[in-house]
Number of protein chains: 2
Amino acid sequence: MFTLTLEQSMAQAAQRTSEALASLLPAGDGPEARLTEAMRYAALGPGKRLRPFFALETARIFDLDEASVMRAACALECMHAYSLIHDDLPSMDDDDLRRGRPTVHIAYDEATAVLAGDALQAAAFEILADARTHPDATVRIELVARLARASGAAGMCGGQMIDLLGVRDDLGEVARMQRMKTGALIAYAFEIPLIVGRVGEGERAALMAFAHDLGLAYQIVDDLLDAQGDAADLGKAASKDAARGKANFVTLLGADAARARADLLKQQLKHHLKPFGARSQVLSDSVDFVLDRRR
Amino acid sequence: MFTLTLEQSMAQAAQRTSEALASLLPAGDGPEARLTEAMRYAALGPGKRLRPFFALETARIFDLDEASVMRAACALECMHAYSLIHDDLPSMDDDDLRRGRPTVHIAYDEATAVLAGDALQAAAFEILADARTHPDATVRIELVARLARASGAAGMCGGQMIDLLGVRDDLGEVARMQRMKTGALIAYAFEIPLIVGRVGEGERAALMAFAHDLGLAYQIVDDLLDAQGDAADLGKAASKDAARGKANFVTLLGADAARARADLLKQQLKHHLKPFGARSQVLSDSVDFVLDRRR
């Protein structure tokens, strides 16, 4: 056995996820092929595949079989892809570009974009429910229950609603919005191996704390990038929040205090991984990657 | 024990379903309450609750506990409600009225309508995955798997894509579109008790044939109503298909042949129920209701 570096682990996770997703989302035939094409355009496009990386790297800590975790991570990517399609719609954030490519409603049309998102959500649950994901139905149903919870009105959809309505000058509200809108699906990446590996309460609590702080740190860095970024570097229009008068961690705290808070979270994140020792080295390295990223 | 008439059974199923849904979709608080309100507006509005009626009436044939079937039927209603919200969107069928009330994007706004649909889909799977739906995880995961399949690219979403693209003058294609777009969720109403009751292959096949023909007959009658109806009677704008140049059973067959086909299906539907004898009387009566309905 040899140990992969962070870059190798991330590249490998991204490639394997894309391959697995491509086979889980076959190009259809018949007149509905336009729908499956749009689903593949969204789900198989370029992306960091951070959530699958987190799931697979956490699975490594517990020496789990990769096949189950990979399928569940693909389901998570389907949900993530659907949320991006719908968030980009004209009636939502009205974005024409995503990762440097036309968004789905630009590349296809609005109706196809709505449907592709809807069908990707269904595909996520279909993948999780399939016996090939795990032989034990109690594991599969917990994967379904947690994903449904994380993505519905109490999670991602609720968070997007709050974001659309616009949060006022309240840091607690911004933090709650982040936990719901993006934190819940990031946390789910860590829940996958915890559920598949039937991990005990102590280790589960440490990793969920890690997931929570990581989601928060990720959002603070996102807000810093939103304030500083330019369109060429981000692959999407920048400083959207400021232009829309939306409060976020940077508009409320200022860039310096936001950066200081992210640095504090970095220490805390590494602390959460202490119990896992060397097995969590790549995950620990990924904290630096997430917090120091430039896009 | 006494036997309920069709009208009593339908009214009772509708009322119980609405009550169960109201408790499964609580009004939220916090700034995201607008989302949960829109979800309730769509799911708790007036409706025939035909799918829950079919599920509950089929459960009666097999003397099943109503609680499991009711929860799964509520999940199905959440999916049905989400599909109506999204189908009504300006980028889809662009309908302002549904059952005589403003559609969700009119009563709220387009972004809220997209999100309410998304969150209702997640709620459906959350309800099914909950242990209160059935103590056995293998039953719950089959309910999830079948609903995901029925509603995704190979089912409802795929059918809606075909419908949006417009079917040419091919009866087979119109029939396939109907099976995917509306037939799959109607069939799921019958699958619920079959899964919950672990019904054997012979009875399962008879009821799935019934479900298939019922969905087809329902659509033919829908197309007849679309051709003949007026807006006041339907609670929505009528003759939409003709105005949009879309092929359906009536534009392809003509009204007389379409009606003859529906009548033939009526005989066939009653034939499918023969093995169940008197236990299926109310279901048999409902065939007349569905095929002779005027809205």
Side-chain angles (χ1 to χ4, degrees), chain A residues 25 28 30-32 34-36 39 82-83 86 89-92 105 109-131 136-138 140-142 144-145 147-149 151-162 164-165 167 173 176-177 180, chain B residues 25 28 30-32 34-36 39 82-83 86 89-92 105 109-131 136-138 140-142 144-145 147-149 151-162 164-165 167 173 176-177 180:
Chain A
L25 297 173
E32 69 274 23
R34 181 179 175 83
L35 174 63
T36 44
M39 292 165 72
Y82 120 64
S83 75
H86 283 190
L89 285 171
S91 64
M92 300 264 229
H105 64 274
D109 57 65
E110 216 178 311
T112 304
V114 172
L115 279 176
D118 291 346
L120 278 168
Q121 176 167 189
F125 290 109
E126 194 178 347
I127 291 166
L128 291 181
D130 191 306
D136 186 341
T138 61
R140 301 204 302 281
I141 204 70
E142 194 178 343
V144 168
L147 184 61
R149 182 88 190 153
S151 59
M156 187 176 71
C157 288
Q160 174 68 358
M161 182 84 258
I162 299 173
L164 285 171
L165 293 170
V167 179
E173 240 183 84
R176 179 168 176 273
M177 190 262 281
M180 292 171 72
Chain B
L25 297 172
E32 69 274 24
R34 180 179 177 84
L35 175 63
T36 44
M39 293 165 71
Y82 120 65
S83 75
H86 283 190
L89 285 171
S91 63
M92 299 267 229
H105 65 274
D109 57 66
E110 218 178 312
T112 304
V114 172
L115 280 176
D118 291 345
L120 277 168
Q121 177 168 188
F125 290 108
E126 193 178 348
I127 292 167
L128 291 181
D130 190 305
D136 186 341
T138 62
R140 302 204 301 281
I141 204 71
E142 194 179 344
V144 168
L147 184 62
R149 181 90 189 151
S151 58
M156 186 176 71
C157 289
Q160 173 70 357
M161 181 83 259
I162 300 172
L164 285 171
L165 293 170
V167 180
E173 238 182 88
R176 180 169 176 271
M177 190 262 282
M180 293 170 72

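Letters A, B, ... are given to chains in the order of the sequence lines, protein chains preceding strands, and every chain is numbered from 1.
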**Prompt:** Would you say A:Leu35 and B:Gln160 make side-chain contact, with heavy atoms under 4.5 Å?
**Reply:** no
**Request:** Find the one option among A:Gly117, A:Ala124, A:Ala137, A:Ala116 whose heavy-atom pairs under 4.5 Å with chain B are most numerous.
**Result:** A:Ala137
**Asked** Among B:Val114, B:Thr138, B:Asp109, B:Leu89, which has the most heavy-atom pairs under 4.5 Å with chain A?
**Response** B:Val114
**Prompt:** Do A:Pro31 and B:Arg176 have side chains that get closer than 4.5 Å, going by heavy atoms?
**Reply:** yes
**Prompt:** Quick one: CD on B:Glu142 to CZ on A:Arg140, what's the gap to the nearest 0.5 Å?
**Reply:** 10.0 Å
**Complete:** CG of A:Leu164 to CD of B:Glu32, rounded to nearest 0.5 Å, is 12.5 Å
**Prompt:** When heavy-atom pairs shorter than 4.5 Å are enumerated against chain B, which of A:Met156, A:Met177, A:Glu110, A:Glu173 gives the highest number?
**Reply:** A:Glu110
**Prompt:** Relative to chain A, which of B:Asp118, B:Ile162, B:Ile127 shows the most heavy atom pairs under 4.5 Å?
**Reply:** B:Asp118
**Item:** Shortest non-hydrogen separation from B:Ala153 to A:Met39 and the atoms involved
**Value:** CB-SD, 3.9 Å
**Request:** Can you label the angle between the A:His86 ring and the B:His86 ring as parallel, tilted or perpendicular, going by 30° and 60°?
**Result:** perpendicular
**Side chain, backbone, both or neither of B:Leu115 within contact of chain A (heavy atoms, under 4.5 Å)** = both
**Item:** CZ/B:Arg34: more than 12 non-hydrogen atoms of other groups inside 6.0 Å
**Value:** yes
**Item:** Nearest-0.5 Å distance that lies between atom CG in B:Asp136 and atom CD1 in A:Ile141
**Value:** 10.0 Å
